[in-house]
Participant: 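So that we are looking at the same thing, I have put the structure below in structure tokens.
Below, read A as the first sequence line, B as the second, and so on, with proteins coming before strands; counting in each chain starts at 1.
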Amino acid sequence: MRVTFFVLFLLFSSLFTVILVAYAQETPEVSERGKEVYEESCAHCHGIEGRGDGSAAENLLPRPRDFTGGVYKIRSTESGQLPTDQDLFDIITNGMPGSSMPEWESALSANDRWELVAYVKTFYSGFQELEETETTPRLINLTGKVKYSEKSVEIGKVLYTDLGCIECHGNVGRGDGTSAPTLVDVWDFRTWPANLTQGWTFRGGSSTEDIFKRFIGGIAGSPMPAFEGDTFYHFGLTPEESKNFALLEKKVENEEELTEEEQEEYDKLYEKWDTTVLAALDRAEGTELTPEAQKIYDNAMKDVFEKSWHLANYVKSLSPERRPKSAIGKNVLRSQYKEGDLPTLDDAEWGTLTSSYYPLVGQVIVESRQFNPTIDSVNVKSFYNDTEVAFLFTWDDRTNNTTVEETEDFGTSYIDGLAIQFPVKVPKGPTDEKPYFLWGGKKPVYLWQWMASEPESIKELTAKGINNAEEQEDQGTVQVNSEYKDGQYRLWVKRALKTEDKKDLQIEPTVFVPIAFSAWDGANGDVDTKRGISSWYTFVLEPVPSSRRFIYPPIVALLSLGLLVGLRQFVQRRNT
Amino acid sequence: MKIKMFTAFLVLLACGLGLIVLADNHEEEENNKLVFPKAYTTMKVSDGGKITGVVKFEGEVPKMKKLDINKDKVVCGKTDKYDESVVVGESMELKNTIVYLMDITKGKDFDAKANKPEIDQEGCKFTPHVQIVPVGVRLTMLNNAPITHNVHIFLNDADMGQDINKQQNRMLKKLRIKSIAEAGGPVEVKCDIHSWMKAWIAYVPHPYFAVTDEKGEFTLEDVPPGTYKLGYWHEACGTNNKEPQAVTVTAGGEVKQDFTLKLAE
């Protein structure tokens with residue numbers, strides 16, 4: 001009996017030690033405060049153990065990060081490196097636009113955010129290894145910035161195609177490249193290339209420096225590759241040498257005989273290129289470079305960095321500096337009066353207007369919901385004349401989905417579409433209640449629904465709720481034309497201001513009319529209630545710029561002048 | 001007293017079970033990787049033997065799915081392409097299986113060919129589908145068509161550090177990938193730009209690795225006499241890490257060892 005107990009005791013204590021030791025190895029000192037804040041503010045998304053499996057994670061795309069893998073998208077460090085503490089602090093402070101990762105600047109003190117940096121790092125042993133070996137991640141060299149200029153943008157544009165950004169980000173950068181519909185991240189979820197014309201959706205900021213760091217270092221975890229020196233063409237050759245070498249290469253390719261001199265030149269240039277690439281590889285592998293190799297590498301990188309700044313300037317040029325202000329207050333959509341025919345879809349006249357910006361969010365009120373909408377916004381311009389009003393609706397969508405399709409990797413893809421919503425009866429004033437913004441309720445709404453499957457037609461609906469819409473019996477008073485190009489839809493709609501149909505909205509100049517939108521990105525699984533929506537905004541037909549207004553002032557001026565002259569003559573005459 | 005003992009026993013049991021669960025989880029992960037010796041030293045092998053064999057597939061052969069070539073069709077779509085995760089010949093020979101020695105600690109060095117591993121992207125397909133890369137050696141990616149690829153190597157999946165993901169633009173006929181210092185894998189390599197392009201890379205510390213060909217055949221040469229554990233790995237059929245095959249090699253002799261593999265559950 002005693003003996004068994006003793007043996008048990010021994011076994012138990014040794015096991016206990018083993019567990020203790022194992023445990024001690026895995027958890028370094030943790031910041032108590034960091035843990036506390038983490039569990040309160042971050043764990044419901046990132047999980048108590050940092051595995052990205054918090055209770056809210058399931059509906060989110062991209063998924064909250066699993067910190068145990070050590071994968072960080074937004075770094076100021078080279079590819080293959082971990083982020084710096086400052087990177088982590090910045091991402092926690094600013095959040096990740098275009099994903100559900102919130103900013104924490106307003107909710108947490110800087111001190112707490114630093115505690116979080118320390119705590120988040122404990123989930124991945126790579127950070128400890130860095131500390132133990134006293135190494136710091138290698139930073140991307142930001143010196144030698146090329147100032148923004150049209151010339152620089154032009155050079156950058158060529159690189160955008162040559163380096164192959166275009167494959168994913170598309171012709172003009174709307175994230176609609178030919179590879180866009182097939183991309184998955186390393187966690188096996190679908191992902192989309194950033195829309196480079198919407199800088200406010202970038203995860204890591206849209207300054208020229210941010211852009212520069214993103215493509216040089218790559219975005220770990222996403223398909224977006226790193227564009228380091230040796231991924232540039234003829235790394236290490238001067239532009240002149242590169243041109244020469246390209247000519248010689250062509251000859252070799254066509255199996256033309258090289259002269260002795262040419263052969264010598266070819267070998268020399270090849271050798272130079274090769275040596276530079278080898279230096280870059282040595283460096284990436286952590287080998288210390290000889291002073292000569294370092295010099296060759298640094299020299300070559302000067303050229304690469306210069307090109308990279310041009311490219312960053314080009315990408316920067318694609319997007320407005322800031323997210324446009326939504327169409328409220330002084331940005332309300334004002335339809336402009338025009339005499340005679342209204343411009344058609346391709347009329348250059350639309351270029352004279354600035355668009356009004358209507359941001360969209362995912363519809364998460366009614367089943368089925370869209371937690372990860374892909375359509376940022378709808379942009380609108382409008383003209384009207386004495387009898388008609390024309391609108392030009394523009395929105396970005398990376399894919400043109402015109403049919404329902406079963407895809408192998410991404411489930412069902414549906415048909416793209418846009419619905420424009422108005423009340424049937426315009427509220428009499430600001431205090432008069434509008435219909436419920438989600439396709440009406442007791443008060444009905446009047447809708448124009450357009451689907452990419454029938455790009456030349458549009459339906460008039462009346463709805464009393466998101467699941468309670470009916471096509472109007474009287475159709476066909478609305479004209480439509482549309483185009484999909486380079487990741488963008490343009491939809492032109494024209495209707496008479498007044499109609500006979502009681503279910504239609506009647507439009508009058510100077511009356512503020514509520515307007516709202518629903519947009520479907522079929523590739524993102526949008527169908528029925530699953531979609532992007534806006535709340536109510538308003539638009540107004542600007543008062544007719546009455547011609548009298550322009551004639552009156554001169555007449556008044558003339559009259560008063562005449563009066564003055566007359567008065568003077570009268571006075572003069574009286575005096576004489 | 002009795003109660004105390006009983007509690008102690010229970011606690012012990014719980015701890016034991018916990019440990020077993022932990023260990024098991026770990027094993028699950030290790031099971032689809034290669035097994036390497038702790039250390040390997042090279043020497044001249046003059047009286048080595050040979051291990052040869054054929055790997056065959058057993059069970060219903062999955063149909064090779066035709067790949068959807070949805071991009072750069074002019075170049076990439078010239079020939080039809082099929083998913084190569086299970087390639088089975090007429091008499092059930094299984095291609096792309098790695099057969100190797102798990103526990104060899106002394107033997108020959110890599111030859112010149114092994115030290116120049118290449119993966120060709122001709123026709124927007126990785127060839128070979130399974131490439132062996134010695135540790136410390138750079139892999140070269142070839143691209144003769146004016147097509148832009150990206151070379152995305154999923155090292156992190158095998159705890160081998162951060163993934164490599166580099167663009168190989170249409171003008172770069174050759175892109176060298178940095179070497180890896182520690183053995184590991186196999187890891188997947190993908191081209192995100194052409195989502196159908198997938199292959200495997202094994203980073204290995206010694207040259208006793210072979211990949212079966214169309215006939216399911218493999219050969220390991222110059223094996224110093226001795227008894228070894230012979231392992232295999234196949235992307236869809238898994239490994240024999242739990243029950244490696246013992247083989248005894250004699251000086252100048254040839255051992256035959258065939259394998260029959262089934263789809264992993």
Participant: Going through the checks in order, is the salt bridge (Lys or Arg N to Asp or Glu O under 4.0 Å) test met by A/Asp274 and B/Lys174?
Facilitator: CA-CA 11 Å; A/Asp274 206 46; B/Lys174 214 164 97 171; 5.0 Å; no
Participant: Pick one of side chain, backbone, both or neither for B/Gln168, based on which atoms fall under 4.5 Å of a heavy atom in chain A.
Facilitator: neither
Participant: Among B/Arg138, B/Lys166, B/His152, which has the most heavy-atom pairs under 4.5 Å with chain A?
Facilitator: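 Looking at each of B/Arg138, B/Lys166, B/His152 in turn, B/Arg138 comes out on top.
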Participant: With a 4.5 angstrom heavy-atom cut-off, is it the side chain or the backbone of A/Ser79 that approaches chain B, or both, or neither?
Facilitator: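 Neither part.
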Participant: Does the side-chain contact (heavy atoms from CB on, under 4.5 Å) test come out yes or no for B/Met171 and A/His234, once each step is laid out?
Facilitator: CA-CA 9 Å; B/Met171 295 180 290; A/His234 288 165; over 6 Å; no
Participant: Restricting to non-hydrogen atoms, name the atom on B/Asn165 and the atom on A/Pro223 that form the minimum distance, rounded to 0.1 Å.
Facilitator: ND2-O, 2.9 Å
Participant: What distance do B/His194 atom NE2 and A/Ser179 atom OG have between them, rounded to the nearest 0.5 Å?
Facilitator: 6.0 Å
Participant: Which bit of A/Val186 is near chain B, if near means a heavy-atom gap under 4.5 Å: side chain, backbone, both or neither?
Facilitator: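 Both parts, heavy atoms under 4.5 Å.
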Participant: Decide, yes or no, whether a salt bridge links A/Asp162 with B/Arg170 under the criterion of side-chain N to carboxylate O below 4.0 Å.
Facilitator: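 Salt bridge flag = yes for B/Arg170 with A/Asp162.
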Participant: Based on non-hydrogen pairs under 4.5 Å, which of A/Ala220, A/Gly286, A/Gly164, A/Gly177 is most in contact with chain B?
Facilitator: A/Gly164
Participant: Got more than 12 heavy atoms from elsewhere within 6.0 Å of CZ, A/Arg138?
Facilitator: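 Above 12, so yes.
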Participant: Counting only heavy atoms not in A/Glu271 (residues, nucleotides, ligands), do more than 12 fall under 6.0 Å from its CD?
Facilitator: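 Counting neighbours around CD of A/Glu271, 12 or fewer heavy atoms of other residues, nucleotides or ligands fall under 6.0 Å, so no.
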Participant: Kindly compute the distance separating OG (A/Ser222) from CG (B/Asp163), expressed to the nearest 0.5 Å.
Facilitator: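 If we round to the nearest 0.5 Å, A/Ser222:OG and B/Asp163:CG are 10.5 Å apart.
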Participant: Which atom names give the shortest non-hydrogen contact between B/Gln167 and A/Leu163, and what distance separates them?
Facilitator: NE2-O, 2.9 Å
Participant: State, with a plain yes or no, whether a side-chain heavy atom of A/Glu408 is found less than 4.5 Å away from one of B/Lys65.
Facilitator: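 In contact.
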Participant: Got a second to check how far A/Thr161's OG1 is from B/Asn169's CG, nearest 0.5 Å?
Facilitator: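 Separation between the atoms: 11.5 Å.
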Participant: For the CD atom of A/Glu167 and the CG atom of B/Asp192, what is their distance to the nearest 0.5 Å?
Facilitator: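 Interatomic distance, A/Glu167 CD to B/Asp192 CG, rounded to 0.5 Å: 12.0 Å.
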Participant: Which bit of A/Leu183 comes within less than 4.5 Å of chain B, counting heavy atoms only: side chain, backbone, both or neither?
Facilitator: side chain
Participant: Mind checking which of residues 225-233 of chain A sit less than 4.5 Å from chain B, heavy atom to heavy atom?
Facilitator: A/Pro225, A/Ala226, A/Phe227, A/Glu228, A/Asp230, A/Thr231, A/Phe232, A/Tyr233
Participant: So, taking the atom named CD in B/Gln162 and the one named CG in A/Leu82, what distance separates them when rounded to the nearest 0.5 Å?
Facilitator: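 One finds 5.0 Å between CD of B/Gln162 and CG of A/Leu82.
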Participant: Would you call B/Lys173 and A/Glu249 a salt bridge, using N to O less than 4.0 angstrom?
Facilitator: no
Participant: Does any backbone or side-chain atom of A/Trp273 lie under 4.5 Å from a heavy atom of chain B? Answer side chain, backbone, both or neither.
Facilitator: side chain
Participant: Measure B/Ile177 against the heavy atoms of chain A and call it side chain, backbone, both or neither at under 4.5 Å.
Facilitator: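 Just its backbone gets close to chain A.
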Participant: Mind checking the OG-CG spacing from B/Ser179 to A/Leu281? Nearest 0.5 Å is all I need.
Facilitator: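 Going from the OG atom of B/Ser179 to the CG atom of A/Leu281 covers 8.0 Å.
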Participant: By number, which residues in residues 69-78 of chain A have some heavy atom less than 4.5 Å away from chain B?
Facilitator: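 A/Gly69, A/Gly70, A/Val71 fall under the 4.5 Å cut-off.
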Participant: Checking heavy atoms, do the side chain of A/Phe215, its backbone, both or neither come under 4.5 Å from chain B?
Facilitator: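 Answer is neither: A/Phe215 stays 4.5 Å or more from chain B.
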Participant: Counting only heavy atoms closer than 4.5 Å, note whether B/Ile164 contacts chain A via side chain, backbone, both or neither.
Facilitator: neither
Participant: Do other residues, nucleotides or ligands put more than 12 heavy atoms under 6.0 Å from B/Lys108 NZ?
Facilitator: yes
